[in-house]
Every structure is written in structure tokens, then in C-alpha cells.
There are 2 protein chains.
Amino acid sequence: MEPKPRLQTKAPRNDAAKGTRPARAPRSPKPAANLSGDKAAETRRQILLAAASLFREKGYKATTLRDVAELAGMGAGSMYYHFASKDAILREVLDVGIATIDEAVRSAVAALPADATPAERLREAIRADLRALLQTSQYTPAYARIYNQLPATIKRRDHPRRLAYLTYWRELVFAAQRAGQLRDDLPVEVFVEFLVGAMSRTTEWFNPRAASVDALAGWIAEWILDGVGRKGAVTRQATGRLPLPMIEAAG
Amino acid sequence: MEPKPRLQTKAPRNDAAKGTRPARAPRSPKPAANLSGDKAAETRRQILLAAASLFREKGYKATTLRDVAELAGMGAGSMYYHFASKDAILREVLDVGIATIDEAVRSAVAALPADATPAERLREAIRADLRALLQTSQYTPAYARIYNQLPATIKRRDHPRRLAYLTYWRELVFAAQRAGQLRDDLPVEVFVEFLVGAMSRTTEWFNPRAASVDALAGWIAEWILDGVGRKGAVTRQATGRLPLPMIEAAG
DNA sequence: GTCTATAGGGGGATAGAC
DNA sequence: GTCTATCCCCCTATAGAC
């Protein structure tokens, strides 16, 4: 077990040595309300952030409330002042995670100039999706990683939001197809699952020191739209030696 | 809590009603050795298969040995005759999972005619990878899904195998690039992570009733090699309105 | 609001009968 | 080889002091 890092969204709490309880700075009975809300709200955020980070790293079941409390700098029992249960923390992490990426993609696309082409809108959506996953939020990668392993009851609860997100992507892709910028024979639903899934998997391997998120987004958009094959190169022989049945419909 | 299905690799065990212990069919002291090995080996496989299936579905920590035992049709304590610990089961599931997909891809490519082009070899690798993930094995999708959430000690143990697998993919991609079939500016390491990760994510959404695995493999190969953009369509304007920095090196 | 202590339950692992 | 019973630890959640 390694030394325990702590989230540092606000001033770090003390890690004072064994035994002695450090004196807490006396609080005035009515502190001026700071901009980010009162103390309880701030502590809540600390807990959620710690939970999201650990859920992402180890999964939901493997993360104990003691882990979360330690990362948030408090005792495990104290968290029950802010949340009713571990499940309640999970639900809020998931809600924030899907809301963050959904909002990020929609608003990024909406912010484009009115004359942006459907393909440009698709590129922008790819960039916004990856930003939310890889640099904006802890909640979004936590969501992407643990969602499918959760009990059906919890998945059912978040399913409408997830569907709305995928639906938006389908609209983007359909629009590009109607505009003649994507192949007519593209099975849109399957392609959207593939693309959104591929992007969410980047959280497993992306190294921010090797490339910027925007660089990665640019690459992926180009690979997907233009392909990695060299222009004019023959990537497929016409011998029929490798039959690729592509007749079935996609649901 | 649904009714409990059981793996049916061999004849189903009885689900006899409460209390009464059903009589077990008397076994001859020396049954003829069946083709798939002795009874212990068969039971071992049952346990591993049940574990892989549940690990894939719920994750490692969320899967209890009681779950595994129930799906394998035995009491939880009985499994300790075959495995030393839950960890030992996990290790074997992981080993089989990575070995299966590695072997599947290498042998599929090796089986191609000697004059197959590098791009054809890449297509075949994509098909073999997806077959291992989506139809051949329970172990491979379990591996793909849970690997990154496991404790560092276990990941370290399997890291060489995983690296060897990725290295093989890099060689395939490099070869296609050298042969002039892929773009010269393709950052191979990043691309391989993207491609392999994207394929492993298909286990989260692929619906075998909507399309065949080979159809999906054909689509993905085409999307990646040729792109989804319509030939001749402008997918990117030259206005510079959307700068895409792609200068950083990839590790 | 946060602390410590602990209740209560579940899960990995072991023991000994059969 | 598999069963049942059980040990013991850890985890979620609660209680009551401060």
C-alpha cells in the first residue's frame, strides 16, 4: 500500500503525525458565504470527487467507503452526514458523469458557426467528448468505466440519459450522411456505438504526456472520417479470398 | 434476483426441491476416462467458465465465490479442492483470456496465403480479434473488461503477455505502413491502442442478433482503413477555423 | 459537522464428515 | 470430490459524544 495522496481541490487538510489531534482553526459562527457555497456543500463535493476517482480506478464494489473517506480527508462515518448510503454517492457520480459529457458535446456543437458543415460538427463533437473524458471531469470517465458492471436496477435508472446521449450522436451522424459527407451504406446505429465506445476506451490508455487531448481528437476524427489507408493505396484485393458478409441489418 | 441459470457444458445437475437430498447416480470406482479428461479436470473447467462469465458481467470484486459455485452447480467450499483461492481462479481466467486472443490473432494471420498484403493481414487480425472477443471465448471478454480495474500486483503479472499482444499489432501496422498501404504520418503506437481498445469495447454493446461478428469485423476494417467519409466529399474545410494541433509525439 | 465505537451482515477460507 | 458448518475479517451503516 502506497502513501495516501489526497485530493487538493481546496487547501489540504493536515496530515499531522500519530496521535495528536491538530487544532482546527476556529470558525466564526456565521462565516461569510463563500462563492462556491457553504462548508457542507464543499465537503460534499470533496466526497463525490474522491468517490469518482476511486470508482474509476478500482470499480464500484472494490472501492470501500473507508477509501473514499480517507481520500476526502475524513472519517468514514462522517460521510453519512452528507449522503444516505454508498449507493446514493454512486447515483450522484453517475448523474454528474453523463450530464457532463452530454452537456459538453451539445454545447460545443451548438457553439459552432451557423455555416459549419455536418462533418465539422462531428469533428467538434469528437473533440468535446474526448475532452470530457480525458481532461474536464473525473465523473465522466468513472461513468464510462463502471456503468456496464453495475446492477441492472442502477443501469435502468440511468438508461434514459444514456440513450439521449447516443441519440444525439446518431442525429449528428445521420445529418452528415444526408449531407453527402458520409458513405450512404453506413449502418449508423452500429457506427455510433463503435465510435462512442472507442472514445470512451481512451480513458484506459491515453497518456497526457505523450500527446494533447486535442491532438488525439484530431487524429481520431481523421482516422474515422478519412481512414488510415494511404490515398490511392489498395487495401483490399478483389480476389474474393476474404469474403466479408455485410448484409445483416443493425439494431 | 432472477432465477438462476446454470452453465450447461455437461448434463445439468439436479435442482431438486427443498430439504431432500437427491440420490446421486452411483459411480463405478474406475469410470472409463472420457475424452475431455477426468472428472476433476472437467469440474475445474466448469468453475473457470462460471467465474469468467461472472467476472465479465459484474467485475471481480463484485463476484462472490458463492455466485461462482452456484453457477457451476456446487457448494462454495467445494471449489477449494480445485483452486487455492479466489485469486488463483482470477489468474487462470486472465491467463486463458489473453492467451486465447493472442493465439487466435497470430494463427489467423499466419494461416493467410503467403502473398497476402499487409492490409489484408490487418483485416484478418481485426476479424480474429473480434471473434475471440465476441464468439469464441468467455475468458477473453472477461480479460478485456476487468483487467484495468485489478490491483497493480495482478496487472504487473500479466503485463508482459499484454505487451506482447500489443507489440504484434504494432508489427502488423508498421508492416502495412512500410508497404505504403497506410499513411506515412500515422502514429503507430497511439493508433494501435485506439484500434485494439475500440475492438475490446465492442463487448459492451455488440448484439449478435443484429449483425454477425464477421460483418462487424468487415465494417470496422473498412471504417478504419478507408474511413466513413464519402469518397470525394469534403469533410474538412480549409478555413483554419478549427485548428487541430497534431504535432506532439506519441509514446 | 465530524469524531469514535460498534452493530450487523456478507464473503473468503478452513475443517471434518461422508 | 463434494458436502455442511463455521471462523474471522472487512465493509456498510448507525449511535452518541463533542
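Letters A, B, ... are given to chains in the order of the sequence lines, protein chains preceding strands, and every chain is numbered from 1.
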Trainee: Which of the following nucleotides, C/dA13, C/dC3, D/dC3, is nearest to the side chain of B/Ser85?
Mentor: C/dA13
Trainee: Please report the distance, rounded to the nearest Å, between CE in A/Met74 and P in C/dC3.
Mentor: 6 Å
Trainee: Looking only at side-chain atoms of B/Arg66, point me to the closest of C/dT2, D/dT2, C/dG11.
Mentor: C/dG11
Trainee: Please compare A/Lys61 and B/Ala76 by the position of their nearest nucleotide in DNA chain C and report the one closer to 5'.
Mentor: A/Lys61
Trainee: Mind calculating the distance between OH (B/Tyr81) and C1' (D/dT4) to the nearest angstrom?
Mentor: 19 Å
Trainee: Out of D/dA13, D/dG1, C/dG1, which nucleotide sits closest to the side chain of A/Lys39?
Mentor: C/dG1
Trainee: In whole angstroms, how far is the C1' atom of C/dT2 from the CD atom of A/Glu42?
Mentor: 16 Å
Trainee: What is the distance, to the nearest angstrom, from the CE atom on B/Met79 to the P atom on C/dT14?
Mentor: 13 Å
Trainee: Within the 4.5 Å heavy-atom criterion, are B/Thr64 and B/Leu54 side-chain neighbours or not?
Mentor: no
Trainee: Starting at the 5' end of DNA chain C, which residue's closest nucleotide do you reach first, A/Gly75 or B/Ala62?
Mentor: A/Gly75
Trainee: Just the rounded figure in Å: distance from C1' of D/dC11 to CD1 of A/Ile89.
Mentor: 13 Å
Trainee: Could you check how far OH of B/Tyr60 sits from P of C/dG11, rounded to whole Å?
Mentor: 14 Å
Trainee: Side chain of A/Ser78 only, heavy atoms from C-beta on: which candidate in D/dT2, C/dC3, C/dG12 is closest?
Mentor: C/dC3
Trainee: Distance alone, cut at 3.5 Å: any donor-acceptor contact between the side chains of B/Arg44 and B/Tyr81?
Mentor: no
Trainee: With nearest nucleotides of DNA chain D determined for A/Ala84 and A/Thr64 from heavy-atom distances, which residue corresponds to the more 5′ nucleotide?
Mentor: A/Thr64
Trainee: B/Tyr80 side chain: which of C/dT2, C/dT14, C/dG1 is closest?
Mentor: C/dT14
Trainee: Between A/Leu172 and A/Val192, is there a side-chain heavy-atom distance shorter than 4.5 Å?
Mentor: no
Trainee: We want to know whether B/Arg201 and A/Ser200 form a side-chain donor-acceptor pair, criterion being a heavy-atom distance below 3.5 angstrom.
Mentor: yes
Trainee: Picking from C/dG1, D/dA13, D/dC11, which would you name as closest to the side chain of A/Ala40?
Mentor: C/dG1
Trainee: Using whole Å, what does the distance between atom P of nucleotide C/dC3 and atom CD of A/Glu70 come to?
Mentor: 12 Å
Trainee: Tell me which nucleotide among C/dT2, C/dA13, D/dT2 gets nearest to the side chain of B/Leu65.
Mentor: C/dA13
Trainee: Would you check if there is a donor-acceptor pair between the side chains of B/Tyr165 and B/Arg106 at a distance under 3.5 Å?
Mentor: no
Trainee: Just how far, in rounded Å, is P of D/dG1 from CD1 of B/Ile47?
Mentor: 12 Å
Trainee: Between A/Thr43 and C/dT2, does any side-chain N or O lie under 4.0 Å from OP1 or OP2?
Mentor: yes
Trainee: Compare the minimum distances between each of D/dG1, C/dC3, D/dT12 and the side chain of A/Lys86, then state the nucleotide with the smallest one.
Mentor: D/dT12
